[in-house]
Amino acid sequence: MTRYPLSSYKGERAEVCVGNISFREDSFVTIAGPCSVESRDQILKTAETVSMLGASILRGGTYKYRKSPYTFSGLKEKGVDYLVEASRKSSLPVVTEVMSVDKIDYLASKVDMLQIGSRNMHNTPLLKKVGKTKKPVILKRGYMATIEETLLAAEHIAKEGNENIVLCERGIRCFDNSLRFTLDLAGAILLKENSKFPVIIDPSHATGRSNLVKPLCLAALAAGLNGIMVEVHPEPRKALSDSEQSLTFDEFADLMDSLSIFSKNKNKITQKFGD
Ligand code: PEP
Ligand code: MN
């Protein structure tokens, strides 16, 4: 018997709805926004722009994990208020990371979707409590986690009653340190093969380099995955976190253009290669 009965794929895929957006077999959802909400102006401008360019969900970190205790760690409640205002003004649903059990109820009451970060994928109390909320959740693969551990983490959430789970491959650590992490694209495909939940990728955190984001997003679309999460900032060079991996508005526009062109031709291409 499978070790993850609720999360495994048994011929039917789960549909996850976030506001009016739906992650399902034939959809490709774009989640875009800054690494961190830095100011009201920054998040309002980003929300308006990514919405106009076709993003479906707005992201923005409000409580941030940082390597150093001396760097910006998010605007916290004030950031959440700005994010909610940006959501209202742009009509985009919003997702933000929940880092600790004590913030789950508060964040679940404010945003449309929660995110469990890579560093917390093994935090069982957090998984279980998010499982009790029924709130849609992006579960990021731990950067040192196997595929099975990721599916077992999803199972903790599902077992508490919440099956609104989107799995996200965001890069793993391996011997090669040329990039920030290594995007395990085959692993993402395997996740989808083994699980009924939608699977997306986050090429921003996986690579740490903005110029690698577009080709990997196209690869995710070609591979039949269910979407992408990308970091976008009005002025990436001035970003308070993850500046090198954030797309400018122009780069995001170009990405959306390329995805749309690829998407129109996808059926032709996959038929040709006998998908
Ligand atoms: C994020 O998406 O804001 C983030 C911190 O990602 P990860 O947990 O994958 O590092
Ligand atoms: Mn980031």
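For ligands, and for the atoms within them, numbers begin at 1 and follow the listed sequence.
When each atom of ligand 1 is checked for a heavy atom of R170 under 4.0 Å away, the hits are 7 (P), 9 (O), 10 (O). Against a heavy-atom cut-off of under 4.0 Å, G117 is close to the following atoms of ligand 1: 8 (O). Taking every non-hydrogen atom of K64 and a distance limit under 4.0 Å, the qualifying atoms of ligand 1 come out as 3 (O).
S195 places a side-chain N or O within donor-acceptor distance of the main-chain N or O of S7, the cut-off being under 3.5 Å. Side-chain atoms of R170 do not come within 3.5 Å of backbone N or O of Y143 as any donor-acceptor pair. The main-chain N or O of G79 is never found under 3.5 Å from a side-chain atom of R40 such that the two would form a donor-acceptor pair. Of the possible donor and acceptor atoms, one in the side chain of S87 sits under 3.5 Å from a partner among the backbone N and O of L92.
Listed by chain and number, the residues in a side chain to side chain contact (heavy atoms under 4.5 Å, CB included) with N123 are N120, P125, L126 (sequence neighbours excluded).
Protein heavy atom in closest approach to atom 8 (O) of ligand 1: S118 N, 2.8 Å. Nearest to atom 3 (O) of ligand 1 among the protein's heavy atoms is R59 NH2, 2.8 Å. In this structure, the protein non-hydrogen atom closest to atom 6 (O) of ligand 1 is K140 NZ, 2.9 Å.
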With a cut-off of 3.5 Å and sequence neighbours excluded, list every side-chain donor-acceptor pair involving residues 108-116.
{"unit_1": "S109", "atom_1": "OG", "unit_2": "Y106", "atom_2": "O", "d": "2.6"}
{"unit_1": "D112", "atom_1": "OD2", "unit_2": "V94", "atom_2": "N", "d": "2.7"}

Run the side-chain donor-acceptor check on residues 46-54: report pairs under 3.5 Å with partners two or more places apart or on a different chain.
{"unit_1": "T46", "atom_1": "OG1", "unit_2": "Q42", "atom_2": "O", "d": "2.7"}
{"unit_1": "T49", "atom_1": "OG1", "unit_2": "K45", "atom_2": "O", "d": "2.8"}

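In this comparison of R119, E231, E97, H205, the heavy atom closest to atom 10 (O) of ligand 1 sits on R119.
Within the protein, the number of N/O/S atoms found under 2.8 Å from the Mn ion (ligand 2) is 4.
Between E231 and R59 a salt bridge is recorded (basic side-chain N to carboxylate O distance below 4.0 Å). A salt bridge does not link E97 to K103: none of the charged side-chain nitrogens sits closer than 4.0 Å to a carboxylate oxygen.
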